There are 2 protein chains.
Amino acid sequence: MASESCVTGRLVLQQCLSARLMVQPASEDQEAKYVEIGRGLVIYICFLKGATKETVQKMVKAALNTRLSSTPEGKLVSILDLPGDVLIIPQATLGGNLKGKVMQYHRNIAKEDGLELYQEFVEQCTESLHKCEKSTEQGKTVKSGTYGNVQVFRTDTNGPYTHLIEFS
Amino acid sequence: MASESCVTGRLVLQQCLSARLMVQPASEDQEAKYVEIGRGLVIYICFLKGATKETVQKMVKAALNTRLSSTPEGKLVSILDLPGDVLIIPQATLGGNLKGKVMQYHRNIAKEDGLELYQEFVEQCTESLHKCEKSTEQGKTVKSGTYGNVQVFRTDTNGPYTHLIEFS
């Protein structure tokens with residue numbers, strides 16, 4: 001979709017049967033907090049320099065409307081048409097470039113700008129799911145990770161069918 | 001690393017605490033067969049048109065020598081230096097391009113050529129791990145999925161730290 005040099009957003013998408021993500025690490029007083037989803041779509045998201053709200057819109061549209069989810073009959077439909085749950089995981093490491101033996105992150109967006117776009121992405125996904133009758137009728141939800149946290153995560157799949165979609 | 005148009009190989013790499021992959025689906029006479037790894041690296045791999053044995057070499061080197069694995073002290077080291085297990089998952093879907101609402105796979109390598117390169121990749125990873133004293137002493141292994149199968153998969157992570165590395 002985009003040449004390497006002008007990529008401003010990157011999504012890695014996987015199907016799941018269930019997934020669980022830590023949204024708050026354990027502290028002295030509290031156990032760690034988690035969010036969970038059932039059958040649905042796991043969205044790893046990363047913003048690079050130059051990403052805007054327009055990039056976010058394109059990313060939401062692609063994530064929710066692309067036919068990436070298998071029905072029990074093996075037909076590919078969008079996550080809204082499945083319908084299924086959505087788990088959004090901020091994943092800054094996806095913005096890296098290999099240099100020698102290490103990944104470098106010079107092209108990643110500044111943290112505060114990334115947070116703003118991430119929140120926008122989560123909001124727009126949640127809104128789109130709420131507007132989808134099939135999803136709301138069947139109680140499907142959007143869950144999301146805490147930006148900047150380590151994303152302690154587990155998932156069970158019937159085949160992740162990993163997809164990469166880039167945006168410019 | 002490579003412009004979109006000349007990418008011939010794509011890796012998505014994630015850390016795991018454990019992972020399990022189906023290598024043979026259940027049949028009438030037999031239960032499904034699985035391989036499992038402990039703490040280590042999950043390698044999703046896809047070959048596109050133009051990939052050669054030279055591409056495979058570069059991919060093996062990057063996967064095993066890049067500092068992508070966190071030690072308990074939080075230092076980043078290669079999977080050979082950790083040392084940890086390796087699980088290789090063929091993932092042709094990673095070669096897709098978004099077109100409208102579907103992913104298209106025109107640039108994916110022909111299946112038989114992909115199988116050959118995949119086997120080469122698995123062999124070279126296994127060899128490299130065997131040559132690494134630290135890995136063999138601690139009984140670390142390379143497991144791999146069956147090319148062309150659906151990759152029924154589950155994983156548990158302390159943070160996947162998802163990385164994309166492309167090769168041309």
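Numbered from 1 within each chain, the chains take letters A, B, ... in sequence-line order. These figures come from a predicted structure and were not determined experimentally.
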Open item on the list: Shorter than 4.5 Å, heavy atoms on both sides: which option in B/Asn65, B/Leu68, B/Leu94 has the most such pairs with chain A?
Closed with: B/Leu94
Task: Contact summary for A/Gly38 and A/Asp85, nearest pair of heavy atoms - done: N-OD2, 2.9 Å
Open item on the list: Hydrophobic clusters here meaning ILVMFWY residues chained together by side-chain heavy-atom distances under 4.5 Å, can you tell me if A/Val42 and A/Val152 are in one?
Closed with: no
Open item on the list: Between B/Arg10 and B/Glu166, does any side-chain N to carboxylate O distance fall below 4.0 Å?
Closed with: yes
Task: Contacting moiety of A/Tyr161, where chain B heavy atoms sit under 4.5 Å - done: both
Task: A/Leu17 portion near chain B, given a 4.5 angstrom heavy-atom threshold - done: neither
Task: Side chain / backbone / both / neither for B/Leu76 at chain A, heavy atoms under 4.5 Å - done: neither
TODO: Count the heavy atoms belonging to other residues, nucleotides or ligands that lie under 6.0 Å from CD of A/Glu116, then report whether that count exceeds 12.
DONE: no
- [ ] Measure up the A/His163 and B/Tyr105 rings against each other and bin them: parallel (under 30°), tilted (30 to 60°), perpendicular (over 60°).
- [x] tilted
- [ ] Please work out which of the three classes, parallel, tilted or perpendicular, describes the rings of B/Tyr118 and B/Tyr147, given edges at 30° and 60°.
- [x] tilted
Task: Which atoms of B/Phe153 approach chain A - backbone, side chain, both or neither, heavy atom under 4.5 Å - done: both
Task: Among B/Leu64, B/Leu80, B/Thr126, the one residue meeting side chain to side chain contact (heavy atoms under 4.5 Å, CB included) with B/Val86 - done: B/Leu64
Task: Contact origin within A/Gln151 toward chain B - heavy atom pairs under 4.5 Å - done: both
- [ ] Could you tell me which of B/Thr66, B/Asp156, B/Thr162 has the largest number of non-hydrogen atom pairs under 4.5 Å with chain A?
- [x] B/Thr162
Open item on the list: Which atoms of A/Gln104 are under 4.5 Å from chain B, going by heavy atoms: the side chain, the backbone, both sets, or neither?
Closed with: neither
Open item on the list: I'd like to verify something: which residue of B/Thr155, B/Val150, B/Leu21 has the highest number of heavy-atom pairs under 4.5 Å with chain A?
Closed with: B/Thr155
